[in-house]
Undergrad: 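My questions will all concern the structure given below.
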Amino acid sequence: MSATLRRSALAFAVAAGLTASVGAATPPARPWMDSSLSPDRRAELLVAAMNDDEKFRVIRADFGLASDKHGVPDGAVGGAGYVPALPRLGLPAINETDAGLGVNKPGIDGKGAISLPAGLATAASFDTTVAHAGGRMIGGEARGKGYGVLLSGGVNLVRDPRNGRNFEYASEDPVLAGTIVGAAIKGIQEAKIVATVKHFAMNDLETGRNTHSAEIDPVAMRESDLLAFQIAIGHGNPGSVMSSYNRINGTYAGEDDWLLNQVLKQEWGFKGFVMSDWGGVHSAGKAALAGMDQESAGEVFDKELYFDQPLRKAIASGEVPKARLDDMAKRIMRSLFAHGVIDDPIPTKVVTPVPYVADRRIARDTLEAGAVLLRNEGGLLPLSRKGQSVVVVGAHADKGVLAGGGSSTVTDEGGDPVPGLEPTGWPGPVRYHASAPLTFMKQLGDKVSFDAGTDPAAAAKAAAAADVAVVFVSKWAAESYDAPDMSLAPADDALVAAVAKANPHTVVVLETNGAVKMPWLNQVGGVLQAWFPGSGGGDAIARLLYGEVSPSGRLPVTWPKDESQLPRPTIQAAGLGNKDAPADTIDYNIEGADVGYRWFEKTHRDPLFAFGYGLTYSRFDYSDFAVDKDAKGQPVAHVTVKNTGKVAAADVPQIYVTAPGAPTKRLAGWSKVALKPGASRRVDIPLEPLALARYDANGKRWRVAPGNYTVRLGRSATDIAGEKTVTVAESFPVMKAPN
């Protein structure tokens, strides 16, 4: 065999992920496997040893499932993405799976997984320990099922309650969103896999997401959506960032040099890699030069496999420097080294059993911490375990709880107890988790019955014969579309109205993507927002209703009265299956950085329920509110919280800050405080420096202006319990990605 043919055979074998059996079959020395070296040095040594075919192999991930383009790739365990092993270099195959609520593919064990409740439920806990525990749970399941990358960490801001993907995200507030998602990412990566924060950036509506341009002033974007990403990356140190589908001010996010290179990699110091969303690459040279490092499933979803032959040609022509290819490969390999994926390879042959019971308990605990009690007239809740007759009505509460749709949908280990619901195709199928509220309510209450709710008259008759009626209503949501309005289905509104008319002691449990209109609100005694409840949802809802645990969630989003209160009352072409042309641009300059509660304050609008609002079964008093500074001169709030009620419960004192001359306040800190009856605790709440700062475009830095800042202690964004003034010196806070 000639030297030329030998080199060609070796290149083919490596590109195919096979062990070379020609010429250079003896593996080289592998200094990059020395774990005492830094991830940067190891990646540098590895890339120096790679040939071009190997570099081009790692900068694209194949679709990990069968498609109309190919079958399941050889060696893949079935997932969202797959990079074959490179045995010559000692590199294992890398399998990727969705998503932020749990593992949505069966993996090597072929079984289902445990789903966390909606991301908004985790954020509503206002508790980083809850977010961290959930991250550890889904990260551990991902590794056990053969995956080294979990496409998790959704931190896009909730700018509109109709966005079909809100349930994957965390909040309208960037400090809360970034802090909670950062804690979840940290938990995920403790399982020695890579987490992916997404969708970078401004993917705040799904309608026309592949084409529309999010129009927003760059400073306003820095102080809202980008701030959430900056904090999440700073706290969580994800190995990867996923770019979004949409354009930003006319440029695709995956081709935006300012966004990916200048802001993310240079200013924030992010050392990981940028992967595309599936079908989110539109060019070779332009995307690579803008900072895209890895094309995801381009052979199936993109118009062309841009990061293969087109990028090779761009490098050969000089359009893209060869050093850029090296940088792309280095960033990918650095993350795999930094997060333990190489040193502790993911098992893809030996099954690691999922601890379903323990993980379901974590999912249950998350909802218990994040469900929000919106209404409780006359102390209707908690329900009594003895002697009180309760009829449970509607929403398949005898079978399970609703899940959101799209790529984040997790098939529970218990299967789908309500199969066949429309839509059965993308972004469905509609799924339920087999955690039936009725089952768990019967375990706690001695007189619990059920009515399917399909006939309002029959449901009303059953309600009239019971002491309390608990009506479950739901509204499905999924990625790829937005709801056209905030309404529940007319049949659900009619059901609640009929039951409430028959029995004023009616409690409504909402399983929704977020805020909905409630025309019957004043006719019911209680409302519990359970979001999409997750695999432990039925158990958690029962325990909350019966007072086994007191609700402690606080709204991470403002709850509008209706669409007229939103910055954009209508969404062009919204609705599942709508064939109208979506808007070419979305004007986010209407609210700019004043998202959610800040929009309501700025425009003097009163929401139905304020950001940070939530009831509990106890009462809390605040005293001795004060603000001073720590040793570094940073403001710290202090307050004594006392449980003056009769049951153990948790409270969330919130700190809002208004800068000199600013039109709105900002959430700057909070504390989740659990107390037994009669107990009190003095809590210290450091204020997030970036919440006090504004972005200085000329200086290209965050700046805290000198002056007097108004610091408010709140039970919500509108319920203020105390106010202080603190004088702050000029400073320039910095939050970069950790090394």
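Along the sequence shown, the residues carry numbers beginning at 1.
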Undergrad: Can you see whether T409 engages R431 through a side-chain donor-acceptor pair at a distance of less than 3.5 angstrom?
TA: no

Undergrad: Hey, does L438 have a side-chain heavy atom less than 4.5 Å from the side chain of F440?
TA: no

Undergrad: Which is it for Q572 and D580 under the side-chain contact (heavy atoms from CB on, under 4.5 Å) test, yes or no, and what are the steps along the way?
TA: CA-CA 8 Å; Q572 184 174 321; D580 294 341; 6.0 Å; no

Undergrad: Does any N or O in the side chain of N376 come within less than 3.5 Å of the main-chain N or O of L615, such that one atom is a donor and the other an acceptor?
TA: no

Undergrad: Given side chains that start at C-beta, do those of V470 and M441 come closer than 4.5 Å, heavy atoms only?
TA: yes

Undergrad: Under the salt bridge (Lys or Arg N to Asp or Glu O under 4.0 Å) rule, what do E368 and R543 come out as? Steps first, then yes or no, please.
TA: CA-CA 8 Å; E368 288 180 1; R543 285 166 50 82; 2.4 Å; yes

Undergrad: Out of curiosity, Q529 CD to L120 CG, how far, rounded to the nearest 0.5 Å?
TA: 8.5 Å

Undergrad: Between T603 and W599, is any pair of side-chain heavy atoms under 4.5 Å apart?
TA: yes

Undergrad: Return yes if some donor-acceptor pair links the side-chain N/O of Y613 with the main-chain N/O of L374 below 3.5 Å, else return no.
TA: yes

Undergrad: Cation-pi between R715 and Y622: NZ/CZ under 6.0 Å from ring centre and within 45° of the ring axis?
TA: yes

Undergrad: To the nearest 0.5 Å, how far apart are CG in N643 and OG in S618?
TA: 3.5 Å

Undergrad: When you compare the side chain of I655 with that of L713, does any pair of heavy atoms fall below 4.5 Å?
TA: yes

Undergrad: Can you see which heavy atom on L488 is nearest to which on S474, and at what distance?
TA: CD2-O, 4.1 Å

Undergrad: Of the options T506, D492, D493, which is the one that meets W520 in a side-chain hydrogen bond (donor to acceptor under 3.5 Å, both in side chains)?
TA: D493

Undergrad: Would S125 and K672 count as a side chain to side chain donor-acceptor pair (under 3.5 Å) if you check the C-alpha gap in whole Å, the side-chain angles of each, and the deciding distance to 0.1 Å?
TA: CA-CA 8 Å; S125 74; K672 188 75 171 275; 5.2 Å; no

Undergrad: Side-chain donor-acceptor pair under 3.5 Å between N163 and N166, yes or no?
TA: yes

Undergrad: Look only at the side chain of E723 and the backbone of R712, and say whether a donor-acceptor pair between them is shorter than 3.5 Å.
TA: no

Undergrad: Is there side-chain contact between R159 and D204, with heavy atoms separated by less than 4.5 Å?
TA: yes

Undergrad: Have T129 and D127 got a donor and an acceptor in their side chains that come within less than 3.5 Å?
TA: yes

Undergrad: Between R554 and D651, is the closest basic N to carboxylate O distance under 4.0 Å?
TA: yes

Undergrad: Between the side chains of K602 and D594, is the shortest nitrogen-to-carboxylate-oxygen separation below 4.0 Å, so that they form an ion pair?
TA: yes

Undergrad: Looking at Y597, W670, F600, which one forms a ring pair (Phe, Tyr, Trp, His ring centres under 6.0 Å) with F611?
TA: Y597

Undergrad: Does the side chain of L576 come within less than 4.5 Å of P423's, by heavy atoms?
TA: yes

Undergrad: For atom NZ of K517, is the number of surrounding heavy atoms from other residues, nucleotides or ligands below 6.0 Å larger than 12?
TA: yes

Undergrad: Apply the test side-chain contact (heavy atoms from CB on, under 4.5 Å) to residues T664 and T658: give CA-CA distance (whole Å), side-chain angles for both, the deciding distance (0.1 Å), then the verdict.
TA: CA-CA 6 Å; T664 61; T658 304; over 6 Å; no

Undergrad: Less than 4.0 Å between a side-chain N and a carboxylate O, is that true for D467 and K447?
TA: no

Undergrad: Would you confirm whether S224, through its side chain, and A593, through its main-chain N or O, come within 3.5 Å as a donor-acceptor pair?
TA: no

Undergrad: Could you check R598, E172, Q565, R605 and say which one makes a side-chain hydrogen bond (donor to acceptor under 3.5 Å, both in side chains) with T558?
TA: E172

Undergrad: Look up atom NE2 in H396 and atom CG in L402, then write down how far apart they are to the nearest 0.5 Å.
TA: 9.0 Å

Undergrad: Hey, is the main chain of P551 close enough, under 3.5 Å, to the side chain of T616 for a donor-acceptor pair?
TA: yes

Undergrad: Within this structure, what is the NZ-CD distance for the pair K665 and Q654, rounded to the nearest 0.5 Å?
TA: 10.5 Å

Undergrad: Between N104 (side chain) and S407 (backbone), is there a donor-acceptor pair under 3.5 Å?
TA: yes

Undergrad: Quick check: closest heavy atoms across V175 and D173, and the distance to 0.1 Å?
TA: N-OD2, 3.0 Å

Undergrad: Which atoms form the tightest heavy-atom contact between G614 and V372, and what is the distance?
TA: CA-CG1, 3.9 Å

Undergrad: Looking only at side chains, do T570 and E563 share a donor and an acceptor under 3.5 Å apart?
TA: no

Undergrad: Let me know which of V468, V448, D398 forms a side chain to side chain contact (heavy atoms under 4.5 Å, CB included) with V392.
TA: V448

Undergrad: Would K642 and D621 pass as an ion pair if we require N to O under 4.0 Å?
TA: no

Undergrad: Nearest 0.5 Å please: distance from the OG atom of S408 over to the CD atom of E168.
TA: 3.5 Å

Undergrad: Please confirm whether R385 makes a cation-pi placement over Y546, using NZ or CZ under 6.0 Å from the six-membered ring centre and within 45° of the ring normal.
TA: no

Undergrad: Atom CG in D160, atom CD1 in I586: separation rounded to 0.5 Å?
TA: 9.5 Å

Undergrad: Between Y432 and G400, which heavy-atom pair has the shortest distance, and what is it?
TA: CD2-C, 3.6 Å

Undergrad: Has W476 got a side-chain atom pairing as donor or acceptor with G428's backbone, closer than 3.5 angstrom?
TA: no

Undergrad: Under a 4.5 Å cut-off applied to non-hydrogen side-chain atoms, are L381 and L544 in contact?
TA: no

Undergrad: Look only at the side chain of D451 and the backbone of V393, and say whether a donor-acceptor pair between them is shorter than 3.5 Å.
TA: no

Undergrad: For a 4.5 angstrom cut-off between non-hydrogen side-chain atoms, does N203 reach Y169?
TA: yes

Undergrad: Using a 3.5 Å distance criterion without hydrogens, assess whether the side chain of T366 forms a donor-acceptor pair with backbone atoms of I362.
TA: yes

Undergrad: Is the backbone N or O of L675 less than 3.5 Å from a side-chain atom of R681, with the two atoms forming a donor-acceptor pair by type?
TA: no

Undergrad: Can you give me the closest heavy-atom contact between A530 and I541, atom names plus distance?
TA: CB-CD1, 4.0 Å

Undergrad: So, for A397 and F472, which heavy atoms are closest and what is the spacing to 0.1 Å?
TA: CB-CD1, 3.7 Å

Undergrad: List the steps, then state whether ring pair (Phe, Tyr, Trp, His ring centres under 6.0 Å) holds for H638 with F625.
TA: CA-CA 6 Å; H638 313 272; F625 175 49; 9.0 Å; no

Undergrad: Could you walk me through whether R165 and D482 pass the salt bridge (Lys or Arg N to Asp or Glu O under 4.0 Å) check?
TA: CA-CA 8 Å; R165 216 163 185 179; D482 303 312; over 6 Å; no

Undergrad: Determine, step by step, whether E413 and R360 satisfy the salt bridge (Lys or Arg N to Asp or Glu O under 4.0 Å) criterion, reporting the C-alpha distance in whole Å, the side-chain angles of both residues, the deciding distance to 0.1 Å, and the verdict.
TA: CA-CA 10 Å; E413 173 257 351; R360 195 180 301 277; 2.9 Å; yes

Undergrad: Just do the salt bridge (Lys or Arg N to Asp or Glu O under 4.0 Å) check on D416 and K399 with the steps written out, would you?
TA: CA-CA 9 Å; D416 184 359; K399 300 289 181 58; over 6 Å; no

Undergrad: Are a donor atom and an acceptor atom from the side chains of S680 and T640 found within less than 3.5 Å of each other?
TA: no

Undergrad: Are more than 12 heavy atoms, taken from residues, nucleotides or ligands other than R361, located less than 6.0 Å from that residue's CZ atom?
TA: no

